[in-house]
Amino acid sequence: MEQWITEIMEAYGYLGVFLLIALENLFPPIPSEVILALGGFMTTKSGLSVFGVIAAATAGSVAGAICLYGVGKMLSVNRLEILILKYGKFLRLKSEDIRKSYDWFDRHGSWAVFLGRLVPLIRSLISVPAGSTGMSFLPFLVLTTIGSLIWNTALVYLGSAVGASWEKIVGYMDLYSNAVYALLALGAVVIGVLFLRKRVLKS
């Protein structure tokens, strides 16, 4: 994958960075850490500048996020409730559960969108609930841009600073990602247990 990313950056420059990051947002399995760290390294051996790579990467992040925000817009709460009415019994979900989750996002959505941009995988997927809950586009755009700018700047600068050792950054980011995923999984388990306990006590 590194060779493919390098070839695109060498062939298309900043446009290549933009397209790679936009694609990463739409298909999260493509690691932004590799693209950004490698992009930072490329500034030491090509005509690309750190500022230019950061700007192109941030524009790509925002473009991808807007596309997923649009997907979320098509998944309105009413449509999700219809799906829950049909298939919710298999997942032990009710339409009121969807409403509660939407209410939570209405209260904490701004922080979720901003902080979500700093977490691998979540940074892409957070755009969908933002759109489906009807979060105003301008705050979404501003928070997504700021969060993406922080993430992109950190990784591009690190890639530029370590040069040919940029792969070490990817290794450290893997540790960071695994730690975050473990915390998220633990949180999901705790929430699930509390939710089921509440349902049992009510029944």
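Residue numbers run from 1 in the order of the sequence given. Fair warning: this is a prediction, and the values are worked out from it, not measured in the lab.
Between Ile150 and Arg117 the shortest side-chain heavy-atom distance does not fall below 4.5 Å. Looking at Cys67 and Asn25, their side chains never come closer than 4.5 Å, going by heavy atoms from C-beta outward. Using a 4.5 Å heavy-atom cutoff, the side chains of Leu143 and Ser110 are in contact. Looking at Tyr12 and Val17, their side chains never come closer than 4.5 Å, going by heavy atoms from C-beta outward. Side-chain contact between Val53 and Met42: absent, with no pair of heavy atoms (C-beta onward) separated by less than 4.5 Å. Residues Met74 and Ser132 are not in side-chain contact: their nearest non-hydrogen atoms beyond the backbone lie 4.5 Å or more apart. Inter-residue side-chain proximity for Val62 and Leu141 is flagged as met; some heavy-atom pair is nearer than 4.5 Å. Using a 4.5 Å cut-off on side-chain heavy atoms (C-beta onward), Phe140 and Ser127 make contact.
To the nearest 0.5 Å, atoms OG1 (Thr144) and CG (Leu149) are separated by 12.0 Å. Note that the CD1 atom of Ile21 and the CD1 atom of Ile35 stand 4.0 Å from one another [nearest 0.5 Å].
Here the side chain of Ser160 pairs no donor or acceptor atom with the backbone of Val156 at under 3.5 angstrom. At least one donor-acceptor pair closer than 3.5 Å links the side chain of Thr44 to the backbone N or O of Phe41. Between the side chain of Tyr69 and the main chain of Met135, a donor-acceptor pair closer than 3.5 Å is present.
Of all heavy-atom pairs spanning Ile8 and Gly16, the tightest one is CG2-CA, 3.8 Å. Of all heavy-atom pairs spanning Ile126 and Ala112, the tightest one is CG1-O, 3.6 Å.
In the displayed structure, Phe137 atom CZ is contacted under 6.0 Å by more than 12 heavy atoms of other residues, nucleotides or ligands.
Relative orientation of the Trp111 and Phe114 rings is perpendicular, given thresholds of 30° and 60° on the angle between their planes.
In the model, Ser49 has a side-chain atom that pairs as donor or acceptor with a side-chain atom of Tyr14 under 3.5 Å.
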